[in-house]
A.B. asks: 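Could you have a look at this structure, given as structure tokens, before my questions?
If you're wondering where the values come from, they're calculated on a predicted model, not measured in any experiment. All residue numbers refer to positions in the sequence shown, counting from 1.
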Amino acid sequence: MVPGTGLPKPVPMNLFATWEIDRSSPSCVPRLCSLTLKKLTVLRELDKDLNSVVIAVKIQGSKRILRSNEYLLPPGGLMETELELTFSLQYPHFLKRDANKLQIMLQRRKGYK
């Protein structure tokens, strides 16, 4: 338990991804982005039939997405939980572009047929 909160201690989770980097271009250098999330707070109901979410992270313009394990939402959908979630993404940084934007998303768990 996390002292003073009554919440269970979060299980550490580390997610890592690397992408192929075009080494032929002098304006492209490899970079590592590391993001650690410590808390997830849902302040309003997201959807009536939504009972769980995953946290997804990607670099804008890339098709690759890192996804966490599923987090169950309590009835009513409001939630606050401690996390120990680290995303590490190795990506190609292009020196002559505007920016490399990191997208952090809450997503439904994909239903597989």
Side-chain angles (χ1 to χ4, degrees):
M1 292 291 205
V2 176
T5 66
L7 297 172
K9 185 173 177 164
V11 176
M13 187 184 322
N14 295 307
L15 301 158
F16 185 80
T18 60
W19 281 265
E20 284 297 315
I21 296 172
D22 180 12
R23 298 193 188 278
S24 62
S25 173
S27 65
C28 177
V29 293
R31 291 279 193 255
L32 180 66
C33 175
S34 188
L35 168 73
T36 301
L37 301 176
K38 295 290 188 180
K39 185 183 283 190
L40 173 63
T41 304
V42 179
L43 299 173
R44 63 180 178 85
E45 189 175 37
L46 300 173
D47 194 351
K48 293 268 187 229
D49 63 340
L50 188 64
N51 57 10
S52 67
V53 293
V54 295
I55 300 171
V57 174
K58 72 177 247 173
I59 296 285
Q60 188 174 5
S62 172
K63 292 181 182 175
R64 308 261 323 254
I65 299 174
L66 284 175
R67 288 185 178 89
S68 71
N69 287 343
E70 197 171 10
Y71 293 96
L72 296 176
L73 296 171
L78 305 181
M79 160 184 178
E80 182 170 306
T81 187
E82 299 294 320
L83 302 175
E84 200 168 322
L85 183 58
T86 300
F87 294 93
S88 297
L89 300 100
Q90 185 178 3
Y91 66 97
H93 177 80
F94 292 94
L95 301 173
K96 297 183 180 184
R97 287 195 186 162
D98 292 348
N100 292 292
K101 295 181 180 151
L102 181 68
Q103 296 177 327
I104 304 167
M105 305 166 278
L106 281 181
Q107 295 182 335
R108 299 173 185 272
R109 181 173 169 252
K110 284 190 172 185
Y112 296 99
K113 295 179 181 178

A.B. asks: Locate the shortest heavy-atom distance separating Pro30 from Gln90; write the atom from each residue and the value.
C.D. replies: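 So the minimum-distance heavy-atom pair works out to CB-NE2, 4.0 Å.
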
A.B. asks: Taking C-beta and beyond as the side chain, do Arg108 and Asp47 meet within less than 4.5 Å on heavy atoms?
C.D. replies: yes

A.B. asks: Using 0.5 Å steps for rounding, measure from the CD atom of Glu80 to the CG atom of Leu40.
C.D. replies: 9.0 Å

A.B. asks: Find the distance between CD (Glu70) and CD (Gln107) and round it off to the nearest 0.5 Å.
C.D. replies: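 If I round to the nearest 0.5 Å, the distance is 12.0 Å.
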
A.B. asks: Provide the closest heavy-atom pair for Met79 versus Leu72 in the form atom of the first, atom of the second, distance.
C.D. replies: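 Smallest heavy-atom distance, with atoms named: SD-O, 3.8 Å.
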
A.B. asks: Can you find a heavy atom in the side chain of Val53 that is under 4.5 Å from one in the side chain of Leu50?
C.D. replies: yes

A.B. asks: Mind checking whether Met105 and Leu37 sit in one hydrophobic cluster, side chains of I, L, V, M, F, W, Y counted as touching below 4.5 Å?
C.D. replies: no

A.B. asks: How many angstroms lie between SG in Cys33 and CZ in Phe87, if you round to the nearest 0.5 Å?
C.D. replies: 11.0 Å

A.B. asks: How long is the gap from CD on Gln60 to CG on Leu102, to the nearest 0.5 Å?
C.D. replies: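 Rounded to the nearest 0.5 Å, the CD-CG separation comes out at 10.0 Å.
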
A.B. asks: Using a 4.5 Å cut-off on heavy atoms from C-beta on, say whether the side chain of Val42 contacts that of Tyr71.
C.D. replies: no

A.B. asks: Go through the structure and list residues passing side chain to side chain contact (heavy atoms under 4.5 Å, CB included) with Thr36, not counting sequence neighbours.
C.D. replies: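 For Thr36 the side chain to side chain contact (heavy atoms under 4.5 Å, CB included) partners, ignoring immediate neighbours, are Lys38, Thr86.
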
A.B. asks: Nearest 0.5 Å please: distance from the CG atom of Leu89 over to the CG atom of Leu66.
C.D. replies: 5.0 Å

A.B. asks: With a 4.5 Å cut-off on side-chain heavy atoms, are Leu106 and Ile55 touching?
C.D. replies: yes

A.B. asks: Supply the atom-to-atom distance Ile59 CD1 to Ile65 CD1, rounded to the nearest 0.5 angstrom.
C.D. replies: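 Answer rounded to 0.5 Å: 12.0 Å.
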
